[in-house]
Amino acid sequence: MSLGKFGYYNPDKPLEDRITDIGPPHYEQFFPPIIKRNYGKWLYHEILEPGLIVHVSETGEKAYTVRVGGARLMSVQHIREICDIADKYCDGYVRWTTRNCIEFITDSEEKARELMKDLESRKFPKGSYKFPVGGTGCSITNIVHTQGWIHCHTPATDASGIVKSVHDALFDYFKTMKLPAKLRISLACCLNMCGAVHCSDIAILGVHRKPPMVDDEVLAKICEIPLVVAACPLGAIRPAKTEDGRKTVRVNQDRCMFCGNCYTMCAAMPLADKEGDGVAILAGGKISNRKTPPKFSKVIVPYIPNEPPRWPKVVDTIKKIVEVYAKDARKYERLGEWAERIGWEKFFEKTGIPFTEKSLDDYRLAYDTYRTTTHFKYTEHVWQLAKALEEAE
Ligand code: SF4
Ligand code: SF4
């Protein structure tokens with residue numbers, strides 16, 4: 001591990017010992033003391049109960065981690081409260097997981113259990129948990145999501161609102177570990193997918209269904225036309241002139257895939273539309289290499305209209321999938337593995353989702369990526385090769 005060159009930060013001398021001022025400070029500075037002392041020495045970990053994990057080191061030390069559901073958007077008061085809790089129980093150390101869970105690490109089980117009791121007792125005025133403990137093992141951990149209507153410019157649906165509605169309906173699966181395996185749900189509010197929903201057990205994806213509108217009045221005044229033309233990944237935009245000779249662009253609607261890239265470059269080409277925008281649901285993806293290779297999620301519901309504030313159809317559809325999976329899958333079987341074992345035909349039958357010509361749309365470059373996995377089969381050919389090598393030695 002580097003000790004100095006790569007980002008140790010001294011606020012009095014910000015450039016001291018730095019070969020670059022780009023990037024975050026080295027993570028080692030932020031390790032809780034127990035993690036620093038045992039770095040590289042961990043033997044194993046166990047989940048003692050939902051939300052409580054113990055890591056055991058070869059030095060005999062044990063680190064107890066309490067995992068808590070977080071939110072993608074947090075108020076300053078909420079973050080201050082998290083910091084106060086970290087000061088009280090963890091010497092000021094706290095960490096966030098990639099799924100926006102908050103983890104408090106302590107050096108004794110007693111402290112961890114006291115902390116859990118404290119966390120569970122903190123409620124919002126209406127009675128909901130401020131810091132729900134859970135999200136470990138065979139559960140639905142925090143649902144990750146992108147920015148949604150609140151922040152980004154190209155969303156086809158909201159992010160925080162829809163995720164809150166779905167997770168409220170599935171909250172019991174966050175607090176327990178009764179699913180056959182872990183279940184990851186993610187949301188991206190447009191198909192640029194900065195939420196990486198292409199490999200989640202269940203994915204909610206905002207979809208536009210109409211091409212951008214072109215505002216001829218202002219386009220030439222506020223947009224770089226060559227830039228807009230170059231921005232389209234499908235070459236669907238060409239320069240044009242209006243009848244009265246003003247510069248503008250035209251969109252080949254048959255080519256457009258409604259990605260919104262042109263709108264990123266040019267505010268005169270909006271594509272958000274009340275009737276066109278909505279949500280698609282995908283299922284069966286995973287990143288893990290365990291048991292079976294990683295899988296892309298597949299389209300199972302091509303379109304559900306936006307229904308704020310509680311998105312009832314999206315919630316009902318996802319709840320049904322989770323309930324059928326929980327009942328029907330074998331222990332340790334991820335959702336995609338279960339669907340492949342019983343057959344996708346059965347998946348549609350059991351979940352009651354109609355099968356259409358738009359379902360099961362797979363990644364278009366799947367053929368190129370089939371062999372990028374570390375998994376392989378011990379075929380007769382491989383056994384023969386291994387035998388020949390053995391004999392040659
Ligand atoms: Fe913006 Fe798309 Fe990311 Fe949503 S998924 S935040 S719309 S880029
Ligand atoms: Fe091209 Fe995407 Fe704009 Fe359609 S929405 S014109 S595909 S950049």
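Indexing begins at 1, ligand by ligand and atom by atom, following the structure's order.
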**Study point:** Residue-atom pairs from the protein, N, O or S only, that lie under 2.8 Å from atom 3 (Fe) of ligand 2
**Key:**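 Those protein N, O or S atoms (cut-off: under 2.8 Å from atom 3 (Fe) of ligand 2) are Cys262 SG.
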Presence of salt bridge, [Y] and [X], under 4.0 angstrom:
X: Glu333; Y: Lys291; value: no
X: Lys346; Y: Glu340; value: no
X: Lys111; Y: Asp107; value: yes
X: Asp201; Y: Lys286; value: no
X: Asp328; Y: Lys350; value: yes
X: Glu49; Y: Arg113; value: yes

Review point. Does a donor on one side chain sit under 3.5 Å from an acceptor on the other, for Ser139 and Thr141?
Key: no
**Study point:** Donor on one side chain, acceptor on other, Glu103 and Thr65, under 3.5 Å
**Key:**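 Distance-only check fails for Glu103 and Thr65.
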**Study point:** Nearest neighbour in protein (non-hydrogen) for atom 7 (S) of ligand 2
**Key:** Met257 N, 3.4 Å
Point to revise | Residue and atom names of protein N/O/S atoms that fall under 2.8 Å from atom 4 (Fe) of ligand 1 | key: Cys189 SG
Review point. Is Cys189 close enough to Cys152 that their SG atoms are under 2.5 Å apart?
Key: no
Practice item. Identify which one of Val218, Leu219, Val214 satisfies the side-chain contact (heavy atoms from CB on, under 4.5 Å) criterion when paired with Asp216. Key: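 With Asp216 as partner, side-chain contact (heavy atoms from CB on, under 4.5 Å) holds for just one option, Val214.
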